[in-house]
*Asks:* 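Here it is, the structure in full.
Numbers restart at 1 for each chain; the letters A, B, ... are given by sequence-line order, proteins then strands. This one's a predicted model, so the numbers in the text were calculated from it and none came from an experiment.
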2 protein chains.
Amino acid sequence: MSYSRHQLIALLRKRGIAPTHQRLEIANVLFSRGEHLAADQILTLVNERHAETSKATVYNTLNLFRDCGLIREVIVDPKRVFYDPNTEPHHHLYNVDTSEITDISADDLVVSGMPELPPGMVTEGVDIVVRIRAL
Amino acid sequence: MSYSRHQLIALLRKRGIAPTHQRLEIANVLFSRGEHLAADQILTLVNERHAETSKATVYNTLNLFRDCGLIREVIVDPKRVFYDPNTEPHHHLYNVDTSEITDISADDLVVSGMPELPPGMVTEGVDIVVRIRAL
DNA sequence: GCCAAAGATTGGACTTTGTCTAATCCGGGC
DNA sequence: GCCCGGATTAGACAAAGTCCAATCTTTGGC
Ligand SMILES: [Mn+2]
Ligand SMILES: [Mn+2]
Ligand SMILES: [Zn+2]
Ligand SMILES: [Zn+2]
């Protein structure tokens, strides 16, 4: 689950992303933890030891990683976007009390009866969110 | 699809909501149109003829309606919450280009292989979003 | 119908998440 | 070592939503 510096560099290079110090820090937080994190959590984590990455860079980098297909967004909380280092098709369990997100394998959860799309439209993805809470 | 004034009053009364003028206007926009609308669209629609409802009231009212189970939120767009007058279990087709939302009947779309929940947790709902785009 | 109490509405300040910009910084290639 | 294009940055800005204290409406008891 932990990535070495040059594994991270390889990950970025593979997508044509120049591996700067800040980008590597952000990639490390995302990939080594393997969690679903919001931008402000990433900002905090990346500056934990010693501040060196700005808010603007965190947002720039997350948008870049997303556009390059390195990570994906998870839209479950109206207050903030979560970023997911797992880009394989899969679904989510969302704890509405704690805002914790857990993966559900796409093999386990199967949807049937997909409607036919209006002509000229293509499916970009199917997201299933199981909202759970205590009690 | 259009609701009379006293049908709307009955809808609110059934949930214990006092039917004020502003609440009836907002309920009318939601239920008579039967669309998925964001708060600012509702604010515009409700003040189309003659301004009489404030932003604060629109938000207060949508939160109240949601808490009373009269409407539900649809979380698909990181920029804004959409409000859905249909509280029956159902799913959504989301056009990522236009932000248009269309219903998919829960009878058509079926999920199997729901994971067992962590002990002490209950499912609050299962939301499926099919993201589509042109081309 | 009238009146007070309870509840609803309001403008505007405030918060939060995210974007934009123009200035500076940096590092890989020569 | 220098250069230059790309990356980073502080801080201004924008949009969605919340909060507050003052004011206005609704409502139920008479
Ligand atoms: Mn560091
Ligand atoms: Mn009116
Ligand atoms: Zn995930
Ligand atoms: Zn719907």
*Asks:* In this structure, how many angstroms lie between the P atom of C:dG11 and the CG atom of B:L43, rounded?
*Replies:*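 Atom-to-atom, B:L43 to C:dG11, this comes out as 10 Å.
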
*Asks:* Quick one: does any side-chain atom of A:R133 pair with a main-chain N or O of B:T123 as donor and acceptor, under 3.5 Å?
*Replies:* no

*Asks:* Counting N and O atoms only, with roles assigned by atom type, does the side chain of A:E25 sit under 3.5 Å from a partner on the main chain of A:Q22, one being a donor and the other an acceptor?
*Replies:*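 Pair absent, no side-chain N/O of A:E25 close to backbone of A:Q22.
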
*Asks:* Give the B/S/- string for nucleotides 1-8 of chain C, one per nucleotide from 5' to 3', where a protein heavy atom under 4.0 Å of the base yields B, of only the sugar-phosphate yields S, and otherwise -.
*Replies:* -------S

*Asks:* Among side-chain atoms of B:N86 and B:H36, is any donor-acceptor pair under 3.5 angstrom?
*Replies:* no

*Asks:* Tell me whether B:T87 contacts the main-chain N or O of B:L70 through its side chain, where contact means a donor paired with an acceptor under 3.5 Å.
*Replies:*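 No, B:T87 side chain to B:L70 backbone: no donor-acceptor pair under 3.5 Å.
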
*Asks:* Roughly how many Å is it from CG in A:D77 to P in D:dA16, rounded to a whole number?
*Replies:*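 Going from CG in A:D77 over to P in D:dA16 covers 17 Å.
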
*Asks:* Provide, to the nearest angstrom, the distance between the CZ atom belonging to A:R13 and the C1' atom belonging to C:dG28.
*Replies:* 10 Å

*Asks:* If we ignore hydrogens and angles and just use 3.5 Å, is the side chain of B:D97 paired with the main-chain N or O of B:A134 as donor and acceptor?
*Replies:* yes

*Asks:* Heavy atoms only: give me the nearest B:P115-A:L109 pair and the separation to one decimal.
*Replies:*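 Closest approach of B:P115 to A:L109, heavy atoms only: CD-CD1, 4.2 Å.
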
*Asks:* B:H21 NE2 to D:dT27 P: how many Å, rounded?
*Replies:* 14 Å

*Asks:* What string of B, S and - do you get for nucleotides 17-26 of chain C, 5' to 3', if B is base contact, S is sugar-phosphate-only contact and - is no contact with any protein heavy atom under 4.0 Å?
*Replies:* SBBB------

*Asks:* Looking at A:R131 and A:N95, would you say the former's side chain and the latter's main chain have a donor-acceptor pair under 3.5 Å?
*Replies:* no

*Asks:* Should A:R66 and A:D84 be marked as a salt bridge (Lys or Arg N to Asp or Glu O under 4.0 Å) after you check the CA-CA gap, both sets of side-chain angles, and the distance that decides it?
*Replies:* CA-CA 9 Å; A:R66 186 240 294 124; A:D84 193 339; over 6 Å; no

*Asks:* With sugar-phosphate meaning primed atoms plus P, OP1 and OP2, does A:P19 contact a base, only sugar-phosphate, or nothing at under 4.0 Å between heavy atoms?
*Replies:* nothing

*Asks:* So, A:D108 side chain and B:G113 main chain: donor-acceptor pair closer than 3.5 Å or not?
*Replies:*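 Side chain of A:D108 to backbone of B:G113, a donor-acceptor pair under 3.5 Å: no, none is there.
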
*Asks:* To the nearest angstrom, how far is B:L24 atom CG from C:dT9 atom C1'?
*Replies:*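 Atom CG in B:L24 sits about 14 Å away from atom C1' in C:dT9.
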
*Asks:* Consider only side-chain N and O atoms of A:D127 and A:H91, and report whether a donor and an acceptor are under 3.5 Å apart.
*Replies:*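 Short answer, no.
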
*Asks:* I'd like a list of close polar pairs between nucleotides 2-5 of chain D and the protein, N/O only, cut-off under 3.5 Å.
*Replies:*
none

*Asks:* Look at the side chain of A:T98 and the backbone N and O of A:E100, then say whether any donor-acceptor pair between them is shorter than 3.5 Å.
*Replies:*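 Checking the backbone N and O of A:E100 against the side chain of A:T98, a donor-acceptor pair under 3.5 Å is found.
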
*Asks:* Round to the nearest Å and state the distance from A:I75 atom CD1 to D:dA16 atom P.
*Replies:* 15 Å

